[in-house]
Protein chains: 2
Amino acid sequence: MGIDERLHASGMRMTVQRRLVLEALQRARHHVTADDIATRIRARHPQIDPSTVYRNLEALEELGYVTHTHFDDRVTRWHRAEAERHGHLVCRSCGAEQEVPIGLLEPLARRLREEHGFRADLAHSAIVGICKDCSTVSSE
Amino acid sequence: MGIDERLHASGMRMTVQRRLVLEALQRARHHVTADDIATRIRARHPQIDPSTVYRNLEALEELGYVTHTHFDDRVTRWHRAEAERHGHLVCRSCGAEQEVPIGLLEPLARRLREEHGFRADLAHSAIVGICKDCSTVSSE
DNA sequence: ACCACTATTGCGGCTCTTTGCGATAAGCTC
DNA sequence: GAGCTTATCGCAAAGAGCCGCAATAGTGGT
């Protein structure tokens with residue numbers, strides 16, 4: 001089922017702006033901010049409003065087409081949901097970002113599920129800490 | 001060593017506002033937002049500026065007196081650092097918050113450390129997911 | 001092709017948080 | 001207690017994100 005039908009099935013419409021947001025997100029490799037998207041779209045369509053971008057990202061997220069992750073700089077980053085799910089490590093010292101396979105996080109997710117009945121989405125927030133490089137530098 | 005000396009040792013000064021922020025935080029049981037604190041202080045000291053509260057929270061965090069956690073509503077919550085470290089589970093459906101012992105998160109922290117050299121601070125961001133109650137309701 | 005219905009847009013405005021800047025006031029020295 | 005250095009404050013403004021509202025425009029029906 002194409003995205004147009006999916007939208008339609010949810011009572012949503014395919015608008016120019018919606019398509020632009022989706023396209024911008026598909027062109028983006030990874031983790032862009034809403035503002036990034038707005039800026040890219042504005043290059044060709046200067047009239048698009050930031051709030052339109054925000055609302056469309058939310059709408060597309062509801063359909064499962066995109067996902068967002070909270071990074072530590074309290075900026076939300078968006079990416080296509082099709083991309084393989086993965087966890088995010090962010091260094092609070094140098095800001096470096098790293099992806100880890102979701103399988104690494106699974107044992108914790110299982111424990112939370114079994115012991116607390118909590119279905120965790122461990123890819124939703126970046127894991128903050130100190131990366132290897134910063135760690136070795138500061139401990140010398 | 002009292003807080004006054006600690007401040008002093010770091011080249012900081014104890015001001016009226018700083019003391020007010022600290023006191024408000026001590027009175028608060030758990031996880032308050034900077035805005036909560038500003039509101040409480042303003043009840044008696046209407047002239048305090050929000051930015052002063054933010055800056056003081058940061059200053060006190062540097063000294064290790066307070067800590068912050070990112071919840072899913074992209075609001076930062078603060079609490080005294082003395083309190084036992086713990087993880088936070090937040091339900092994205094009903095918003096319920098739950099604390100879990102830090103030990104539960106330790107195995108993941110260890111793996112990240114051993115396999116990626118990443119020293120994770122798993123208490124820094126709340127873990128988002130669906131809580132037990134919402135899970136049972138929606139799956140029926 | 002035209003109409004009605006309503007999802008969506010753009011705009012203005014608001015919240016939360018951070019930052020720059022000139023003014024204020026801790027805390028030291030004399 | 002006066003003077004000095006500079007940490008801190010209050011204010012203004014900016015950035016990210018969100019919301020209400022009136023205007024616009026997809027869509028299905030005629």
Side-chain angles (χ1 to χ4, degrees), chain A residues 2-22 24 31-42 44-63 65-66 68-78 92 95 125-126, chain B residues 2-22 24 31-42 44-63 65-66 68-78 95 125:
Chain A
I3 190 160
D4 287 50
E5 293 98 72
R6 292 274 303 260
L7 278 169
H8 194 249
S10 307
M12 296 177 183
R13 296 166 184 172
M14 179 49 92
T15 63
V16 179
Q17 293 85 339
R18 189 107 83 202
R19 197 182 308 279
L20 288 169
V21 170
L22 197 56
H31 310 113
V32 289
T33 67
D35 198 52
D36 288 338
I37 295 173
T39 303
R40 286 172 200 223
I41 296 178
R42 253 195 299 275
R44 298 198 153 286
H45 303 262
Q47 78 292 352
I48 200 167
D49 192 84
S51 66
T52 299
V53 175
Y54 285 109
R55 283 188 281 225
N56 274 316
L57 286 170
E58 275 170 35
L60 292 169
E61 181 169 46
E62 251 180 68
L63 285 189
Y65 273 89
V66 308
H68 72 268
T69 300
H70 296 288
F71 280 68
D72 193 41
D73 52 7
R74 71 209 138 307
V75 172
T76 305
R77 315 275 191 100
W78 300 79
R92 68 150 52 102
S125 295
Chain B
I3 190 159
D4 286 50
E5 292 98 73
R6 292 275 303 261
L7 279 169
H8 194 249
S10 307
M12 296 178 184
R13 295 168 184 172
M14 178 50 92
T15 63
V16 179
Q17 294 85 340
R18 189 106 84 202
R19 198 184 306 281
L20 287 168
V21 169
L22 196 58
H31 306 113
V32 289
T33 66
D35 199 52
D36 287 338
I37 295 173
T39 305
R40 287 173 201 221
I41 296 178
R42 251 195 302 275
R44 297 200 153 285
H45 304 263
Q47 78 292 351
I48 199 167
D49 192 82
S51 67
T52 300
V53 174
Y54 286 105
R55 283 189 280 227
N56 274 316
L57 286 170
E58 274 170 37
L60 292 169
E61 182 169 46
E62 249 179 70
L63 284 190
Y65 272 90
V66 308
H68 72 270
T69 301
H70 295 289
F71 279 68
D72 192 41
D73 49 9
R74 79 205 137 299
V75 171
T76 304
R77 314 275 191 100
W78 300 79
S125 295

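Remember, it's a predicted structure, so these values are computed and weren't measured experimentally.
- The CZ atom of Arg13(B) sits 11 Å away from the C1' atom of dT24(C) (whole-angstrom rounding).
- Mapping Trp78(B) and Ala59(A) onto DNA chain C via the closest heavy atom, the residue that lands nearer the 5' end is Ala59(A).
- Looking at Ile41(A) and Gln17(A), their side chains never come closer than 4.5 Å, going by heavy atoms from C-beta outward.
- Atom NE2 of His70(B) and atom P of dC16(C) are 17 Å apart (whole Å).
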Evaluate Arg40(B) against Val32(B) for side-chain contact (heavy atoms from CB on, under 4.5 Å), listing each step before the verdict. CA-CA 11 Å; Arg40(B) 287 173 201 221; Val32(B) 289; 3.7 Å; yes
Each nucleotide N or O in nucleotides 20-22 of chain D that has a protein N or O under 3.5 Å away: list the pair and distance.
residue	atom	partner	partner atom	Å
dG20(D)	O6	Arg55(A)	NH1	3.1

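- Across the protein-nucleic acid pair, Leu60(A) atom CG and dA7(C) atom P stand 17 Å apart, rounded to whole Å.
- Side chains of Ile37(A) and Asn56(A) form no contact here, defined as non-hydrogen atoms less than 4.5 Å apart.
- To the nearest angstrom, P of dT17(C) lies 13 Å from CZ of Phe71(B).
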Val21(A) vs Thr52(A), side-chain contact (heavy atoms from CB on, under 4.5 Å): CA-CA, chis, key distance, verdict: CA-CA 9 Å; Val21(A) 170; Thr52(A) 299; 5.8 Å; no
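- Looking at which nucleotide of DNA chain D each of Gly11(B) and Asp49(B) is closest to, the 5′-most match is held by Gly11(B).
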Name the pairs: protein N/O against N/O of nucleotides 28-30 of chain C, kept only if under 3.5 Å.
residue	atom	partner	partner atom	Å
dC28(C)	OP1	His8(B)	NE2	3.1

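- The minimum heavy-atom distance linking Tyr54(B) with Asp35(B) is given by the pair OH-N, 4.4 Å.
- Remark on DNA chain C: of its neighbouring residues Val16(A) and Glu58(B), the 5'-side contact belongs to Val16(A), judged by nearest-heavy-atom nucleotide.
- Smallest separation of non-hydrogen atoms from Ile48(B) and Ala38(B): CG2-O, 4.4 Å.
- At whole-Å resolution of the value, CG in Leu63(B) and C1' in dA7(D) are 13 Å apart.
- Residues Leu63(B) and Arg6(B) come closest through the heavy atom pair O-NH2, 2.6 Å.
- For the pair Asp4(B) CG and dA26(C) C1', the computed distance is 12 Å after rounding to whole Å.
- Here the closest non-hydrogen pair linking Val53(B) and Ala34(B) is CG1-O, 3.7 Å.
- His70(A) is not listed as a side-chain neighbour of His70(B), based on a closest heavy-atom distance of 4.5 Å or more.
- Between Gln17(A) and dA25(D) there is no side-chain N or O to OP1 or OP2 distance below 4.0 Å.
- Protein atom CD1 of Ile48(A) is 15 Å distant from nucleotide atom C1' of dT24(D), rounded to whole Å.
- An OP1 or OP2 oxygen of dT18(C) is reached within less than 4.0 angstrom by no side-chain nitrogen or oxygen of Tyr54(B).
- Side-chain N/O atoms of Thr52(B) include one lying less than 4.0 angstrom from OP1 or OP2 on dG10(D).
- Rounded to whole Å, the distance from CZ on Arg19(A) to C1' on dA7(C) is 16 Å.
- Residue Thr33(A) places no side-chain N or O under 4.0 Å from the OP1 or OP2 atom of dA16(D).
- Under the 3.5 Å distance criterion, with hydrogens and angles disregarded, a donor-acceptor pair is assigned to the side chains of Asp36(A) and Thr33(A).
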